[in-house]
There are 2 protein chains.
Amino acid sequence: MRTQSAVGSDLSKRQSPSRVTPNRLGGTIDFLGTLMSFPGNAEIYGEGEPVDYFYKVLSGTVRTCKVSIDGRRQIGGFYLPGDMLGVEGSAEHTFSAEAVTDCQVLLINRRRVMARAARETPVARELLRLIGHELERVQDHVLLLIKSAEERVASFLLEMAGPAPEGNTINLPMTRQDIGEYLGLTLETVSRTLAHLQATAAIEVHSRQIVLRNRSALRRLNA
Amino acid sequence: MRTQSAVGSDLSKRQSPSRVTPNRLGGTIDFLGTLMSFPGNAEIYGEGEPVDYFYKVLSGTVRTCKVSIDGRRQIGGFYLPGDMLGVEGSAEHTFSAEAVTDCQVLLINRRRVMARAARETPVARELLRLIGHELERVQDHVLLLIKSAEERVASFLLEMAGPAPEGNTINLPMTRQDIGEYLGLTLETVSRTLAHLQATAAIEVHSRQIVLRNRSALRRLNA
DNA sequence: CGACCATTTGATATGGATCAAGCGATGTGG
DNA sequence: CCACATCGCTTGATCCATATCAAATGGTCG
């Protein structure tokens with residue numbers, strides 16, 4: 001049951017870039033961008049490559065990750081439609097980025113943004129806001145990693161549900177393994193913890209579809 | 001043996017601010033700042049307070065930390081002389097900051113920096129560099145927290161030793177408890193791990209004074 | 001000297017990892 | 001159309017790294 005597959009799913013390989021009209025992006029960064037589509041598990045950029053673009057997710061899900069020498073893999077974050085990635089501190093990417101599902105991404109030339117930021121204060125301000133947002137995301141990740149397994153999974157579900165408590169059903173685009181690598185747990189522990197949260201009636205688990213039955217119970221675990 | 005105590009250690013309470021000549025700071029942010037001294041364990045700013053200043057550590061050591069509802073305490077980082085703190089994503093501090101030892105800190109008015117950044121591109125660029133640096137620091141912290149206890153302690157020692165391999169002796173200004181709260185370990189585990197590293201001849205432990213005897217062994221654990 | 005802290009060290013408990021097996025869904029080739 | 005391989009997920013049994021509880025040591029300061 002591939003629940004949250006992609007939109008442009010007939011594009012099964014990197015297709016050649018095509019021009020797109022300037023979208024209203026996060027804020028004032030509304031340059032002409034280049035639209036690209038990636039099939040699931042494709043690499044969008046690699047660790048150590050120069051930061052040439054900012055990437056805005058238009059559809060699908062992207063993960064950033066890093067593999068250490070001994071093969072352990074850490075996922076830095078999941079990026080959903082509307083999220084911006086590739087905003088980093090150094091000139092090279094410290095993580096790589098991969099499509100979780102098929103996805104469409106808008107590539108925004110970094111040098112052009114920087115050049116414009118030098119002339120237009122609002123663009124500079126927006127850049128600062130973007131990297132500040134990324135900083136907060138990573139700080140929250142640190143706080144996640146010191147919690148118990150149950151707290152991590154509960155926090156993760158609330159994070160994926162988003163701030164707006166619209167529906168109670170979420171369709172996770174990623175595998176248990178991905179979740180585990182994000183939370184610093186094994187896939188078995190993720191599975192067991194979901195089962196346990198279901199046993200306590202906090203959620204309902206239907207494979208990748210999760211129904212939040214008791215948000216406040218989850219929030220209580222969010223410590 | 002208070003090894004790395006402070007410089008202005010006769011100032012035992014927050015003294016009234018006094019003007020200071022414009023120091024050559026990190027880069028282009030060389031405003032007039034206000035010098036303040038704090039005794040060990042004093043709060044420099046609190047979590048949730050508005051971000052009114054950037055803080056440059058001139059002497060001593062500062063830690064940022066956050067206490068969760070259930071009382072667990074996480075240290076976000078240690079800031080040594082030359083380091084800048086208070087550079088955050090949001091308008092309120094997400095962590096509080098406390099003096100580890102007596103210390104002197106230069107307070108730099110945030111609004112003035114922002115105003116100047118709007119007019120002078122190099123200042124804006126420097127701001128971006130500072131927050132980018134902070135982002136990298138936190139990303140490294142995430143990678144720390146998924147390692148084994150021995151790897152965490154080894155990484156910590158190398159981090160405290162600094163990039164320049166000058167001397168092999170480091171004087172830790174903080175307690176085992178602080179180290180544990182930074183590394184996501186208990187103070188007992190920190191102590192035992194140091195003892196174990198000493199047993200393998202990688203280091204020598206004299207309470208807070210640590211001698212690095214075999215850096216490459218530590219670096220090997222740095223995975 | 002005595003009180004207080006930071007640190008070390010020991011004994012035991014436990015949460016999550018690891019190893020292993022089974023299951024359901026999906027897709028493929030005969 | 002079915003047999004089979006594959007993949008993601010679940011569940012069980014066991015192990016181990018680190019937490020927790022507890023006590024002793026040593027240094028510092030009044």
Side-chain angles (χ1 to χ4, degrees), chain A residues 1-5 9 12 39-41 63 70-74 100-101 144-154 156 171-199 203-210 221 223, chain B residues 1-5 9 12 39-41 61 63 70-74 100-102 144-154 156 171-199 203-210 221 223:
Chain A
M1 189 199 296
R2 172 63 54 84
T3 50
Q4 184 171 324
S5 198
S9 49
S12 60
N41 291 315
R63 64 175 174 251
D70 58 359
R72 268 175 310 187
R73 193 183 152 91
Q74 175 64 27
V100 174
T101 62
L144 235 190
L145 292 176
I146 61 165
K147 300 183 189 179
S148 72
E150 194 165 34
E151 292 168 324
R152 293 186 214 190
V153 172
F156 172 73
N171 287 307
L172 300 174
M174 71 292 283
T175 66
R176 299 287 190 260
Q177 171 96 28
D178 281 338
I179 299 173
E181 284 167 359
Y182 176 62
L183 298 180
L185 300 170
T186 61
L187 66 98
E188 293 98 327
T189 298
V190 172
S191 179
R192 274 187 249 269
T193 305
L194 286 171
H196 182 249
L197 286 174
Q198 182 169 43
I203 63 175
E204 256 172 61
V205 182
H206 304 104
S207 193
R208 292 196 186 181
Q209 180 176 293
I210 312 281
L221 286 171
Chain B
M1 189 197 297
R2 173 66 54 85
T3 51
Q4 184 169 326
S5 198
S9 50
S12 59
N41 291 315
T61 302
R63 63 174 175 251
D70 59 357
R72 268 174 309 186
R73 191 184 157 90
Q74 175 63 29
V100 174
T101 62
D102 297 351
L144 235 189
L145 292 176
I146 63 167
K147 300 184 189 178
S148 73
E150 194 166 33
E151 292 167 323
R152 293 186 214 190
V153 172
F156 172 72
N171 287 308
L172 300 174
M174 71 292 283
T175 66
R176 299 287 190 260
Q177 171 97 26
D178 282 339
I179 300 173
E181 284 167 359
Y182 176 62
L183 299 179
L185 300 170
T186 61
L187 67 98
E188 293 97 328
T189 298
V190 172
S191 178
R192 274 187 248 270
T193 306
L194 286 171
H196 182 248
L197 287 175
Q198 182 169 45
I203 63 175
E204 254 174 63
V205 182
H206 304 103
S207 192
R208 295 198 184 179
Q209 180 176 295
I210 311 281
L221 285 172

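Just so it is clear, the structure is predicted and the values come from calculations on it, not from any experiment. Only this structure's heavy atoms are used, side chains among them; waters, hydrogens and symmetry mates stay out. First the proteins, then the strands, lettered A, B, ... as listed; each starts at 1.
Residue-level contact check: G184(B) touches the backbone only, with heavy atoms under 4.0 Å from sugar-phosphate atoms and none from bases. Residue contacts shown for T175(A) are limited to sugar-phosphate atoms, with no base heavy atom under 4.0 Å away. Residue contacts for V190(A): at a heavy-atom cut-off of 4.0 Å it reaches no nucleic acid atom on any strand shown. Across all strands shown, L187(B) has heavy atoms under 4.0 Å from base atoms, whether or not it also approaches the sugar-phosphate.
The closest donor-acceptor contact from the side chain of R208(A) to the backbone of P173(A) lies under 3.5 Å. With R152(B) contributing its side chain and K147(B) its backbone, the two residues share a donor-acceptor pair below 3.5 Å. Although no hydrogens or angles enter the test, the distance criterion places a donor-acceptor pair under 3.5 Å between the side chain of T101(B) and the main chain of T61(B). A donor-acceptor pair under 3.5 Å links the side-chain atoms of Q74(A) to the main chain of E181(A), judged by distance alone.
Between E188(B) atom CD and dA17(D) atom P the separation is 18 Å, expressed in whole Å. Across the protein-nucleic acid pair, I146(A) atom CD1 and dG15(C) atom P stand 18 Å apart, rounded to whole Å. The CG atom of L185(A) sits 16 Å away from the C1' atom of dC9(D) (whole-angstrom rounding). With rounding to whole Å, L183(B) atom CG is found 12 Å from dT18(D) atom P. Rounded to an integer number of Å, the gap from R72(B) CZ to dA19(D) P is 12 Å. In this structure, E204(A) atom CD and dC9(D) atom P are separated by 18 Å, rounded to whole Å. Atom NZ in K147(A) sits roughly 18 Å away from atom P in dG15(C) (whole-Å rounding). Straight-line distance from the CG atom of D178(B) to the C1' atom of dC5(C): 13 Å, rounded to whole Å.
The phosphate of dT10(D) (OP1 or OP2) has a side-chain N or O of R176(A) nearer than 4.0 angstrom. Between T186(B) and dT18(D) there is no side-chain polar atom (N or O) within less than 4.0 angstrom of OP1 or OP2. Listed pair T189(A) / dG16(C) fails the phosphate criterion, with no side-chain N or O lying under 4.0 Å from OP1 or OP2.
Among the nucleotides dA22(D), dG16(C), dC9(D), the one closest to any side-chain atom of S191(A) is dC9(D).
One cannot find a donor-acceptor pair under 3.5 Å joining the base of dG27(D) and the side-chain atoms of R208(B). One donor-acceptor pair, N or O on each side, does fall under 3.5 Å between the base of dG12(D) and the side chain of R192(A). With hydrogens and angles ignored, no donor-acceptor pair under 3.5 angstrom links the side chain of Q177(A) to the base of dC9(D).
Here the shortest heavy-atom pairing between A154(B) and L221(B) reads CB-CB, 3.8 Å.
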